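To start, the structure under review is shown below, and the notes come after it.
A quick note: this is a predicted structure, and the numbers were derived from the prediction, not measured.
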Amino acid sequence: MLNLVSHGAPGALPPLLIVHGLFGSARNWGVIARRLAEGRQVLAVDMRNHGDSKWSAAHGYAELADDLAKVIAANGGQADVLGHSMGGKAAMLLALGDPARVRRLVVADIAPVAYGHSQRHLVAAMRALDLEGLSLRSDADRRMALSVPDAAVRAFLLQSLDLKATLARWKLNLAALDAEMERITGWPNTTGQFAGSVLFVKGALSDYIRPEHHAAILALFPAARFSEIAGAGHWLHADAPREFEEIVRDFLA
């Protein structure tokens, strides 16, 4: 079972399951999860090989979707699901393969397609970070600055650096994520459709959901709706948290 962070209490609505993206964790979604927990239970997960969840050599979407199905089965049998990036792909495959588990689905800034980019350079930067004597995140930030020049990206990655341990360590299975990167950036062959309500939310400054992706989306999710947040990039929930929260809240209601 994945590590869960629970907010709110069970109510008339099924729980909302929040699924983070690559290199993320449940704690990244803490503020939004707490605000969406007004009147319902919200469960944020650490995906396998992330945070406090189990490590595994396998990190494809079939495995990730099965992990989510087990969480939902143990928490009422059905949920609304919100997934960002890698988590959005896992949530989409769950909805396609086990539609009874998903009432409504929100997909944040990702499409059901294979992407040509890789995040191996970020894995390499994290693996290369000298952890000796690290006790301050500011020191880790300075050490990573040459390999990861974007301060916002460094800040995001460093949320997964555990400085409370006797020796600093990454709460990410970097070896497995590196080995499975092609599966993470890819998309498995799928059949069937999810006929339920689906909302795709795009950051206006991001190119992860492009007009040419709409046909692939609608082929799998014929009831899909689309929304865009001005001024937000791929991490739209961090760039525009209140706008993102309001869009999600309205859709789920």
Side-chain angles (χ1 to χ4, degrees), residues 1-54 64-95 98-110 156 159-160 162 164 171 194 196-203 221 223-225 227 229 232 235-253:
M1 187 66 68
L2 301 180
N3 181 59
L4 296 178
V5 178
S6 179
H7 305 270
L13 290 173
L16 170 62
L17 182 67
I18 297 181
V19 192
H20 65 78
L22 182 62
F23 308 137
S25 68
R27 63 185 291 241
N28 298 153
W29 287 82
V31 174
I32 288 176
R34 285 191 292 272
R35 291 179 60 83
L36 289 174
E38 297 170 4
R40 74 184 310 169
Q41 185 179 31
V42 175
L43 302 172
V45 297
D46 287 336
M47 296 295 275
R48 64 167 61 196
N49 295 317
H50 292 71
D52 293 319
S53 283
K54 63 187 179 185
L64 300 186
D66 185 60
D67 289 344
L68 298 180
K70 290 175 180 175
V71 170
I72 295 172
N75 288 275
Q78 188 183 59
D80 289 337
V81 184
L82 160 59
H84 172 246
S85 198
M86 177 192 77
K89 283 188 170 182
M92 284 188 281
L93 197 64
L94 167 68
D98 199 354
R101 296 289 182 205
V102 182
R103 188 189 75 131
R104 293 193 172 197
L105 173 63
V106 180
V107 180
D109 211 62
I110 201 73
F156 169 67
Q159 289 184 55
S160 291
D162 182 6
K164 295 180 180 178
K171 298 180 77 171
F194 177 71
S197 297
V198 186
L199 177 66
F200 284 78
V201 188
K202 168 183 167 36
F221 304 99
R225 295 160 53 188
S227 183
I229 299 179
W235 285 285
L236 65 178
H237 57 291
D239 294 339
R242 290 301 176 89
E243 293 89 338
F244 179 79
E245 173 201 327
E246 197 60 34
I247 288 169
V248 171
R249 189 189 301 277
D250 288 347
F251 174 72
L252 295 180

To the nearest 0.5 Å, what is the distance between [atom1] on [X] and [atom2] on [Y]?
{"X": "Lys171", "Y": "Ser53", "atom1": "NZ", "atom2": "OG", "result": "10.0 Å"}
{"X": "Met86", "Y": "Leu22", "atom1": "CE", "atom2": "CG", "result": "5.5 Å"}
{"X": "His7", "Y": "Trp29", "atom1": "NE2", "atom2": "CH2", "result": "12.0 Å"}
{"X": "Ile72", "Y": "Asp67", "atom1": "CD1", "atom2": "CG", "result": "11.5 Å"}
{"X": "Ser160", "Y": "Phe23", "atom1": "OG", "atom2": "CZ", "result": "9.0 Å"}

Answer yes or no: is there a side-chain heavy-atom contact under 4.5 Å between [X] and [Y]?
{"X": "Val198", "Y": "Val106", "answer": "no"}
{"X": "Leu43", "Y": "Ile18", "answer": "no"}
{"X": "Val107", "Y": "His84", "answer": "no"}

(message) Going by the rule ring-ring contact (aromatic ring centres under 6.0 Å, His included), which residues pair with Phe156 if we only count those two or more places apart in sequence or in a different chain?
(response) Trp235
(message) According to ring-ring contact (aromatic ring centres under 6.0 Å, His included), who are the partners of His20, at least two apart in sequence or on a separate chain?
(response) His50
With sequence neighbours excluded, residues passing side-chain hydrogen bond (donor to acceptor under 3.5 Å, both in side chains) with [X]:
{"X": "Ser85", "value": "His234"}
{"X": "Gln41", "value": "Ser6"}
{"X": "Asp46", "value": "Asn3"}

(request) Can you tell me which residue pairs pass the salt bridge (Lys or Arg N to Asp or Glu O under 4.0 Å) test with a partner in residues 1-10, sequence neighbours excluded? (result) none
(request) Would you mind listing every salt bridge (Lys or Arg N to Asp or Glu O under 4.0 Å) that reaches into residues 8-37, with sequence neighbours excluded? (result) Arg35-Glu245
(message) Among residues at least two apart in sequence or on other chains, which ones pass side chain to side chain contact (heavy atoms under 4.5 Å, CB included) with Ala90?
(response) Met47, Tyr61, Leu64, Leu68
Salt bridge (Lys or Arg N to Asp or Glu O under 4.0 Å) with [X]: which residues, sequence neighbours excluded?
{"X": "Arg104", "value": "none"}
{"X": "Arg103", "value": "Asp80"}
{"X": "Asp239", "value": "none"}

(message) Quick one, Val19 with Leu82, criterion side chain to side chain contact (heavy atoms under 4.5 Å, CB included). Give me CA distance, side-chain angles, the key distance, then yes/no.
(response) CA-CA 6 Å; Val19 192; Leu82 160 59; over 6 Å; no
(request) State plainly whether the residues Lys202 and Asp109 are in salt-bridge range, i.e. N to O under 4.0 Å. (result) no
(request) Just grab all the side chain to side chain donor-acceptor pair (under 3.5 Å) pairs involving residues 68-79, residues at least two apart or on different chains. (result) Asp66-Lys70
List the atom of [X], the atom of [Y], and the distance in Å for their closest heavy-atom pair.
{"X": "Ile32", "Y": "Phe244", "value": "CD1-CD2, 4.0 Å"}
{"X": "Leu236", "Y": "Ala108", "value": "CD2-CB, 4.0 Å"}
{"X": "Leu105", "Y": "Ala95", "value": "CD2-CB, 4.0 Å"}
{"X": "Met1", "Y": "Ala74", "value": "CE-CB, 3.8 Å"}
{"X": "Ala232", "Y": "Ala240", "value": "CB-CB, 4.4 Å"}

(request) Check the pair Leu16 / Leu252 against side chain to side chain contact (heavy atoms under 4.5 Å, CB included), numbers first and verdict last. (result) CA-CA 9 Å; Leu16 170 62; Leu252 295 180; 3.9 Å; yes
(message) Would Arg225 and Phe251 count as a side chain to side chain contact (heavy atoms under 4.5 Å, CB included) here? Give the steps.
(response) CA-CA 10 Å; Arg225 295 160 53 188; Phe251 174 72; 3.7 Å; yes
